[in-house]
Amino acid sequence: MLHDVYYIIPPAVMHLADVECTDCILAWQIDLNQEAGHKAVYQAACQLQENIQFTLCILNAETITGEIATEITAFFFFSNFNKHLGNPCLLLQGNESENLTAGMQQLAEHAKLQGFVQIQPILLKVTKDSSAVFFQASQADIIRQSYKSWLYNPMQDDTNLYINISAQEDITRIQALLQEEERLFRQQNEGLFHLKRQNKDLTKQVQELERFSNAAKQEISNQVMYNDLLRSQSQVAALQKYYDNEYEILPLWYKRVGHVVKVLMGKRSFKSIFRNNVKKYIS
Amino acid sequence: LKRTKSIISVFFHNYYGHDQEWASFFLHELKLPFHLFYNCVSDSFYRITQTGNIHTLYEQATFLQKLYVRDATNKGKDIGGKLLLMDAYLKSGIQSDYILLLHDKNSPYHSLGAQWKKDLFRIVQNEYIEKITSLFNNNPKTGIIASKNAIRNELDNELNSDAYIHSPLIQELKSKYQIQVSDLQFVAGTMFWVRAAIFENFFSTWSALNIRSELESGNIMDTEGPTRTHAWERLFCWLVTAKGYQIMGV
């Protein structure tokens, strides 16, 4: 798809059986006012195929507590959780308020403690002046019209579509509808379609190369540290100390008897006890 | 119904990639029912440049019950990865008899790294697995089983002297997590078998993710002083021995 499509899954249809959604993103709705809602979603996410991306759509995020923030960050570690440059992206449903900002700050701090640089929350609104408008799956015609207008707009490329579903079949139905719209667009505007497709692919490539570059820089810095450690005397000193404690402190007569034992065991040549110009150790 | 064969949960932390080789490793070595919790360090250069996929294991491994893959930041090295997998294990609700902790140890900073790895992985070899399960069955006080060459005593730590015995850091951790250390033995390298119930009890009380959040980021070392990450390398064992269980070597 040329635009990212998110399907918001309410608790009633949480367990999706064999859902076909490799070209879209599922967003499980979690109402923080309802106890243990996140636990059931976690179980559902465990059952999801690895090639299907998902995220969370949080309701009443202003009531977030430290404990819930930790539970939500647990989702960020799923390999198919929706991330942008390694930063978890999640949806919020509600109205802008100081409490909501404070709730998101708390979540961002918890995510940071788990090693994520930042989180990328997207606030979904019902007003049409926002780019993050969400639709009901029953509004098929409106969804189709909106998607069509985005496709034919040569400038608008980063808009996502957010759709509330009420049954699993909605995903298949809306996906088919959007794919059909893209097919028609491609038929009528081959050039623009390819430019849009290329733009999306190249943006993805740039992100991947950025990740690669950062990882390579980090690895070079790691190797420099390892070389310094290998060159340092700490390991040699530890080995010397081990040798001194295990062997060197033994009395000379005991060590000499040990050499005779080695000869008897076939580990050392007999002649080497008396002469320096013969092979000492059999192995 | 009583299960005839033990079920184990394997926690594997992967930093160096080679997923295909690890898939083949689990396929050939583990001949008893197992769940695999596989943590990948997402920003590792080795993982970004690899082409393999651990999911191929699903198609071949008869003994694999379920594969849980997680994608993590580089926090607390393998200790952070194993804590993350512990959290995933508890949330998954599955039950096992034993947990086997492993990671793709490489130690590029140490001249004996390759030998360490060989020693540590002995516990996954077929010939030892039967011995390990019978050691657990025959002695209910056996809490941990590891390669005998990896079992150390903190009192003998030449490099860090008493950094993990008396330092404020270790005192703080022991007090916060109520671990009454009676025996300073631990498994260096954090690869061992442990009775699942002991870890389940501890990490149900103390959130594994909260512990992970306190660990250091990046490929940290403890050459300049003790670290939380290396302290937890010890505490993973001490939380077991503090409950009266023993560490056994094979």
Side-chain angles (χ1 to χ4, degrees), chain A residues 38-39 42-43 45-47 49-51 66-67 69-71 73-81 83 85-87 109-117 208-209 211-223 225-232 234-242 245, chain B residues 15-16 38-49 53-55 58 66-76 80-81 83-85 87-88 90-94 106-113 156-160 207-210 212-221 223-224:
Chain A
H38 56 86
K39 286 184 183 165
Y42 194 95
Q43 293 292 333
C46 284
Q47 304 303 322
Q49 290 169 48
E50 289 283 335
N51 59 346
E67 197 185 330
T70 304
E71 294 301 320
T73 52
F75 286 94
F76 301 163
F77 297 112
F78 277 83
S79 55
N80 50 345
F81 191 88
K83 294 185 197 98
L85 286 173
N87 300 317
E109 276 163 27
H110 273 77
K112 205 167 187 176
L113 287 173
Q114 294 295 346
F116 296 100
V117 179
E208 277 166 11
L209 287 168
R211 257 186 86 211
F212 177 84
S213 164
N214 289 339
K217 276 183 206 158
Q218 183 58 54
E219 185 53 26
I220 290 167
S221 141
N222 290 343
Q223 292 297 336
M225 180 179 74
Y226 300 151
N227 277 335
D228 286 347
L229 269 171
L230 282 165
R231 285 200 196 103
S232 74
S234 62
Q235 289 180 29
V236 178
L239 277 174
Q240 184 65 49
K241 204 166 181 182
Y242 177 81
N245 287 333
Chain B
Y15 180 84
Y16 292 101
Y38 198 87
N39 180 48
C40 311
V41 178
S42 55
D43 51 0
S44 146
F45 176 74
Y46 301 94
R47 290 208 55 82
I48 290 173
T49 50
N53 186 341
I54 191 67
H55 293 280
Y58 250 140
K66 191 160 168 53
L67 173 64
Y68 298 82
V69 181
R70 292 294 178 269
D71 216 4
T73 46
N74 192 11
K75 180 121 178 146
L83 284 166
L84 171 62
L85 296 176
D87 180 73
L90 289 174
K91 286 190 168 79
S92 73
I94 65 160
N106 200 329
S107 310
Y109 50 86
H110 204 287
S111 47
L112 297 175
D156 299 327
N157 190 340
E158 302 287 353
L159 288 176
N160 284 301
S207 157
L209 275 190
N210 282 343
R212 184 181 186 270
S213 73
E214 296 169 350
L215 305 183
E216 297 83 359
S217 294
N219 286 358
I220 40 109
M221 312 287 298
T223 44
E224 301 295 320

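Naming: A, B, ... by sequence-line order, numbering from 1 per chain. When reading the values below, keep in mind they use all heavy atoms of this one structure, side chains included, and skip hydrogens, waters and symmetry mates.
- Counting heavy-atom neighbours within 6.0 Å of A:Lys39 NZ, excluding the residue itself, gives a total of 12 or less.
- Not a single donor-acceptor pair under 3.5 Å links the side chain of B:Glu214 to the backbone N or O of A:Leu113.
- Shown here for B:Arg70 and A:Cys46, the closest heavy-atom pair between the two residues is NH2-SG, 3.9 Å.
- To the nearest 0.5 Å, the span separating NZ on A:Lys83 from CG on B:Asp71 amounts to 4.5 Å.
- In plain terms, the two heavy atoms of A:Ala74 and B:Lys91 that are nearest each other are CB-NZ, 3.8 Å.
- Between the side chain of B:Ser213 and the backbone N or O of A:His110, no donor-acceptor pair lies under 3.5 Å.
- In this structure the side chain of A:Tyr226 reaches within 4.5 angstrom of the side chain of B:Asn219, judged on heavy atoms.
- Rounded to the nearest 0.5 Å, atoms CG (A:Leu209) and CD1 (B:Ile48) are 10.5 Å apart.
- For A:Phe75, the ring pair (Phe, Tyr, Trp, His ring centres under 6.0 Å) partners at least two apart in sequence or on another chain are A:Tyr42.
- Between the OG atom in A:Ser79 and the CD1 atom in B:Ile54 there is a gap of 11.5 Å [rounded to 0.5 Å].
- Across every non-hydrogen atom of B:Ser44 and A:Ala215, the tightest pair is C-CB, 4.3 Å.
- Taken to the nearest 0.5 Å, the CG atom of B:Asp87 stands 8.0 Å off from the OG1 atom of A:Thr73.
- Residue A:Phe77 is tested with B:Thr73, B:Val69, B:Asn39 for a side-chain contact (heavy atoms from CB on, under 4.5 Å); the sole match is B:Thr73.
- At least one side-chain heavy atom of B:Asn210 sits less than 4.5 Å from a side-chain heavy atom of A:Thr70.
- Interface remark: of the candidates B:Leu84, B:Asn74, B:Leu67, B:Thr49, B:Leu84 forms the most heavy-atom pairs closer than 4.5 Å to chain A.
- With rounding to the nearest 0.5 Å, the separation of CZ in A:Arg211 from OG in B:Ser42 is 6.0 Å.
- In this structure, chain A has a heavy atom under 4.5 Å from the side chain of B:Lys75, while its backbone stays farther away.
- Neither the backbone nor the side chain of A:Phe81 has a heavy atom closer than 4.5 Å to any heavy atom of chain B.
- Other residues, nucleotides and ligands place more than 12 heavy atoms under 6.0 Å from the CD atom of A:Glu50.
- Under the ring pair (Phe, Tyr, Trp, His ring centres under 6.0 Å) criterion, B:Tyr68 pairs with B:Phe37, sequence neighbours left out.
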